Asker: 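Here it is: the structure, laid out below.
Everything numeric in this text was worked out from a predicted model, so none of it was measured.
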Amino acid sequence: MAAIAYALVLSGLALAAVWLAVLIVPLQPVSAAGQTVRVGAAPLDWSLSGPGQLDLFGQTIPTRAHFDGPIRPRLELTRIGGDAEVARLLRSGDHERLTLEVGRKLASGWLRYGAWETAVAAGLVLLPLAAWTGLRRMPPGRAVLVLVGGLALVAAVNAIGFYLLASSTPEALRDVRSLQDLVGDSPPDPVPRAEGPPLGDVRAVALGDSTAAGTGNRPLPDPSDLDRACDRSADSYPQALARANDWSVLNLACSGATVRDGILGVQILGEQVAPPQIAQAQRAAEASVVLVSVGANDVRWSDLVQLCVISPSCDDRASTAYFQDRLARFALDYRRLLRMLATLPQHPTVVVNEYYDPFGADVSCLENVGLTRQKAEVLSSRLAALNAVLRQGAETAGFTPVKQNFEGHRLCSAQPYLQGPADRAPLHPTAAGSLAIALADQKALPVDANAN
């Protein structure tokens with residue numbers, strides 16, 4: 001009985017050591033294809049197979065591929081950037097070498113992590129066993145047997161987890177060409193080059209949605225049909241920056257734009273078709289600043305607000321799961337946009353605007369449309385989650401995130417910076433709100449970017 005009890009205790013200690021080691025061993029960094037990824041193990045769930053985990057800008061995304069064993073890979077993107085070697089390989093068409101490089105490094109990082117995890121788990125077993133043998137004042141021979149038995153058991157658990165049940169994981173990682181291979185989201189076709197002459201006098205380019213377009217405010221003088229379809233305004237924050245700095249600004253933002261449908265792909269606007277904003281931006285080859293405002297349409301922010309207004313509660317499981325799914329999808333598309341911005345040949349200063357929180361402590365002016373304090377707090381929390389993705393993505397790519405703070409000028413205040421429920425574009429910035437965004441961006445720009 002004593003032997004059985006000892007074996008059970010030792011087995012429990014070994015399993016606990018493996019579980020704790022997976023939690024505390026740092027992920028191993030590898031660099032390939034112009035990005036840095038940290039490779040390690042996802043939290044254990046003790047099932048015999050399942051997806052791995054991709055951590056992208058704070059979002060946890062399960063991999064499309066399933067891996068054998070309870071210990072499965074976790075990948076965390078920590079840097080996005082251009083890579084001269086990758087660009088050379090792509091130009092030469094040597095895709096096979098690029099594939100081997102990415103997969104080989106991921107597999108190497110996984111095996112290196114496994115070695116570290118095994119060593120740490122062994123140490124976590126040895127420490128309590130050594131203390132126990134000392135307290136029991138065991139004879140040296142028996143103490144050695146206890147310690148060796150503990151090491152053997154934790155090594156066996158790791159061998160089963162990493163090298164037996166998960167023996168196919170290194171080979172699966174070697175087949176990875178990109179993170180899209182892991183999550184099953186194939187990249188869209190390459191963005192076509194825009195037709196038209198170069199725009200050499202353009203100093204700044206704005207990409208994005210209705211917030212950057214200035215929807216609901218004073219229209220542009222002599223607007224084109226596309227300007228009208230996109231609801232672009234003379235009071236948008238890109239136009240405010242243009243006036244303040246005497247810049248020529250190309251505002252390509254369009255109401256309803258998402259990363260896929262608007263920035264990287266065409267956007268259908270009734271009878272109008274807006275070409276990809278990133279393609280048009282490439283015509284401004286001398287632009288030193290790129291302003292980005294995107295994400296709200298990708299997560300269907302307007303639909304979430306409408307649902308919140310008409311529902312008794314808007315933090316139910318269904319709407320929360322829907323939002324998390326949209327946010328994870330956006331994180332993948334946002335990564336591709338950041339990667340493309342990082343490879344622009346002029347290496348502009350890229351400013352990524354976070355979204356302002358429209359709701360203050362007082363929401364009394366919104367109660368007649370069904371928006372209570374509790375509902376506003378739910379929407380604010382979701383907006384904070386979107387902003388966290390925007391901020392972490394920008395920092396990972398080496399860009400500048402800018403927080404927008406409308407404190408004291410939110411909805412229901414004496415001088416709101418936002419359009420109200422009865423205005424043309426509810427929750428969008430007024431001319432004063434656009435100016436506040438422009439001032440925040442101006443402050444974030446480096447001195448040489450502000451110089452005329």
Side-chain angles (χ1 to χ4, degrees), residues 58-59 208-218 230-231 233 235-237 253-258 293-331 353-391 402-437 440:
Q59 295 301 298
D209 54 21
S210 53
T211 301
T215 298
N217 293 309
R218 182 169 54 101
C230 286
D231 285 327
S233 168
D235 292 323
S236 65
Y237 72 77
C254 192
S255 179
T258 65
S293 176
V294 70
N297 295 322
D298 299 76
V299 301
R300 305 284 180 87
W301 172 251
S302 178
D303 292 343
L304 289 168
V305 172
Q306 292 287 343
L307 180 63
C308 203
V309 165
I310 65 176
S311 301
S313 173
C314 51
D315 59 349
D316 58 280
R317 291 184 179 180
S319 62
T320 299
Y322 175 77
F323 171 71
Q324 290 296 335
D325 178 68
R326 297 300 309 183
L327 192 60
R329 291 171 182 264
F330 168 65
N353 279 312
E354 299 177 28
Y355 288 94
Y356 47 82
D357 186 350
F359 309 112
D362 179 14
V363 294
S364 57
C365 68
L366 304 175
E367 290 178 353
N368 63 328
V369 298
L371 198 61
T372 64
R373 175 69 258 163
Q374 291 75 16
K375 291 181 179 182
E377 288 175 354
V378 173
L379 291 173
S380 293
S381 69
R382 290 175 179 167
L383 202 59
L386 172 58
N387 282 337
V389 171
L390 290 169
R391 181 171 58 256
V402 178
K403 182 176 182 179
Q404 303 297 336
N405 188 353
F406 282 9
E407 188 65 43
H409 297 279
R410 295 174 178 170
L411 289 170
C412 304
S413 65
Q415 295 180 317
Y417 282 174
L418 299 118
Q419 300 176 56
D423 293 324
R424 182 166 171 258
L427 304 187
H428 287 73
T430 61
S434 294
L435 180 59
I437 296 174

Asker: Main chain of Y355, side chain of N387: is a donor-acceptor contact present, judged purely on distance under 3.5 Å?
Answerer: yes
Asker: Where is the tightest heavy-atom contact between A253 and A213, given as atom of each residue plus distance?
Answerer: CB-N, 3.6 Å
Asker: Working to the nearest 0.5 angstrom, can you tell me the gap between S302 OG and L304 CG?
Answerer: 9.0 Å
Asker: Using modelled atom types only, decide if a donor and an acceptor are shared between the side chain of R391 and the backbone of E354 within a distance under 3.5 Å.
Answerer: no
Asker: Indicate yes or no for a side-chain donor-acceptor contact from T258 to the backbone of N297 under 3.5 Å, with no hydrogens or angles considered.
Answerer: no
Asker: Check whether Q374 reaches the backbone of S313 with its side chain - one donor and one acceptor, N or O, closer than 3.5 Å.
Answerer: no
Asker: Please determine if D362 and R373 form a salt bridge, counting it only when a charged side-chain N lies under 4.0 Å from a carboxylate O.
Answerer: no
Asker: Does a donor on one side chain and an acceptor on the other come within less than 3.5 Å for S210 and H428?
Answerer: yes
Asker: Using only atom types and a distance under 3.5 Å, with no angle test, would you say the side chain of S434 pairs donor to acceptor with the backbone of D235?
Answerer: yes
Asker: Take the angle between the ring planes of H409 and Y417 and call it parallel below 30°, perpendicular above 60°, tilted in between.
Answerer: parallel
Asker: Under a 3.5 Å distance rule, please check whether T430 uses its side chain to pair with a backbone N or O of G433 as donor and acceptor.
Answerer: yes
Asker: Please determine, by modelled atom types, if N353 and Y237 share a side-chain donor-acceptor pair under 3.5 angstrom.
Answerer: yes
Asker: Any donor and acceptor pair, going by atom type alone, linking the side chain of D423 with main-chain N or O of G420 inside 3.5 Å?
Answerer: yes
Asker: What side-chain donor-acceptor pairs closer than 3.5 Å can you find for residues 365-372, not counting sequence neighbours?
Answerer:
residue: T372; atom: OG1; partner: K375; partner atom: N; Å: 3.3

Asker: Using a 3.5 Å distance criterion without hydrogens, assess whether the side chain of R326 forms a donor-acceptor pair with backbone atoms of D298.
Answerer: yes
Asker: Considering only heavy atoms from C-beta outward, does the side chain of Q59 approach that of L327 to under 4.5 Å?
Answerer: yes
Asker: With distance as the sole criterion, is a donor-acceptor pair present between the side chains of R382 and T320 under 3.5 Å?
Answerer: yes
Asker: Using atom types as modelled and distance alone, determine if a side-chain donor or acceptor of S381 lies under 3.5 Å from a backbone N or O of V378.
Answerer: yes
